[in-house]
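Keep in mind that what you see is a predicted model, and the values were worked out from it rather than measured.
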Amino acid sequence: MSKKVTTTDQSTNTDRLSANNNISSIIDSLDTLDISDAERVSIICGVESCVSVLRTVIARAAKAEASLRTSIDTLVADNNRLQEELVILTERDCAANLLIQQQWVEKDRLESQVSVLEQDRAILNAQLAEYRETLQELAGYQFLGIRFD
């Protein structure tokens with residue numbers, strides 16, 4: 001199984017080479033100082049200790065960066081999914097709004113028809129009242145023996 005080399009891995013390797021060169025430079029520069037072998041060993045141990053701490057910090061930073069990249073990838077995927085859902089919901093909302101508008105138009109049309117039917121009913125009731133009155137008059141005349149031929 002081959003390992004994919006990332007920019008971060010390459011950068012870390014470059015940092016390590018640079019750190020090793022810097023350590024060698026520091027150790028070489030000790031030769032120019034007038035110090036005892038014990039002091040030289042003490043300084044070298046201190047430098048190596050600092051390098052070890054720095055390597056640990058760099059390793060932890062690389063892990064944190066990888067974790068952060070994973071979190072960012074997850075957030076980007078979630079954001080894309082939510083945007084797709086928003087598009088679907090927006091389309092549904094538009095369709096629902098169109099349906100509501102159509103229902104309001106239908107309601108207005110039906111209310112208009114009811115109004116016309118109520119007017120027709122009022123006219124028919126008035127005509128019916130007139131017919132009843134006329135029939136009562138005719139019935140009264142027939143009762144009196146008057147004929148309409």
Side-chain angles (χ1 to χ4, degrees), residues 1-140:
M1 203 163 90
S2 66
K3 180 183 175 191
K4 180 180 174 187
V5 177
T6 64
T7 305
T8 304
D9 292 336
Q10 291 171 350
S11 172
T12 302
N13 289 337
T14 303
D15 290 344
R16 284 186 182 150
L17 288 174
S18 177
N20 287 338
N21 289 339
N22 288 339
I23 293 168
S24 296
S25 296
I26 291 170
I27 292 172
D28 290 342
S29 69
L30 293 178
D31 291 337
T32 61
L33 300 175
D34 186 24
I35 57 174
S36 69
D37 287 342
E39 289 173 326
R40 183 183 310 270
V41 170
S42 177
I43 291 172
I44 290 172
C45 286
V47 169
E48 287 176 348
S49 178
C50 288
V51 168
S52 175
V53 168
L54 287 174
R55 284 187 177 148
T56 301
V57 169
I58 290 170
R60 287 181 182 169
K63 286 180 183 178
E65 180 184 13
S67 175
L68 183 61
R69 288 187 186 278
T70 300
S71 295
I72 288 171
D73 291 344
T74 301
L75 289 172
V76 167
D78 288 348
N79 185 47
N80 290 340
R81 180 183 49 79
L82 290 173
Q83 284 179 340
E84 290 171 4
E85 288 178 15
L86 179 62
V87 167
I88 292 168
L89 291 174
T90 301
E91 289 172 353
R92 287 180 184 169
D93 185 51
C94 289
N97 286 339
L98 180 62
L99 183 61
I100 289 169
Q101 288 175 348
Q102 291 171 345
Q103 294 298 318
W104 280 107
V105 168
E106 180 66 9
K107 178 185 174 274
D108 290 343
R109 186 185 69 76
L110 291 173
E111 285 176 346
S112 175
Q113 285 181 347
V114 166
S115 177
V116 168
L117 289 173
E118 286 174 347
Q119 290 172 359
D120 288 350
R121 186 172 88 186
I123 292 169
L124 289 173
N125 283 339
Q127 289 176 344
L128 182 60
E130 287 179 23
Y131 293 149
R132 282 185 185 145
E133 192 176 306
T134 303
L135 284 175
Q136 286 174 353
E137 287 176 6
L138 287 175

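Formation of a donor-acceptor pair under 3.5 Å by the Ser42 side chain with backbone atoms of Ala38 is not found in this model. Checking side-chain atoms of Ser67 against main-chain N and O of Lys63 turns up no donor-acceptor pair under 3.5 Å. Remark: the backbone N or O of Ala66 is paired with a side-chain donor or acceptor of Thr70 at under 3.5 angstrom.
For Glu84, the side chain to side chain contact (heavy atoms under 4.5 Å, CB included) criterion is met by no residue, not counting sequence neighbours. Every side chain to side chain contact (heavy atoms under 4.5 Å, CB included) that Ile123 has, sequence neighbours left out, goes to Gln127. For Val47, the side chain to side chain contact (heavy atoms under 4.5 Å, CB included) partners are Ile23, Ile26, Ile43, Val51, not counting sequence neighbours. Not a single side chain to side chain donor-acceptor pair (under 3.5 Å) links Arg60 to another residue, sequence neighbours left out.
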key: Pair Gln83-Asn80, side chain to side chain contact (heavy atoms under 4.5 Å, CB included): steps then yes or no   = CA-CA 5 Å; Gln83 284 179 340; Asn80 290 340; 3.9 Å; yes

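Interatomic distance, OG of Ser49 versus CD1 of Ile44, reported as 13.5 Å (0.5 Å rounding). Atom CD1 in Ile72 sits 12.5 Å away from atom CG in Asn79 (nearest 0.5 Å). Here the CG atom belonging to Asp78 is positioned 9.5 Å from the CD atom belonging to Glu85, to the nearest 0.5 angstrom.
For residues 109-134, the salt bridge (Lys or Arg N to Asp or Glu O under 4.0 Å) pairs, not counting sequence neighbours, are Glu106-Arg109, Lys107-Glu111.
Counting heavy atoms from C-beta outward, Gln119 and Ser115 have side chains that approach closer than 4.5 Å.
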Can you list, pair by pair, the side-chain donor-acceptor contacts under 3.5 Å of residues 86-103, counting residues two or more places apart and other chains?
unit_1: Thr90; atom_1: OG1; unit_2: Leu86; atom_2: O; d: 2.7
unit_1: Asn97; atom_1: ND2; unit_2: Asp93; atom_2: O; d: 3.4

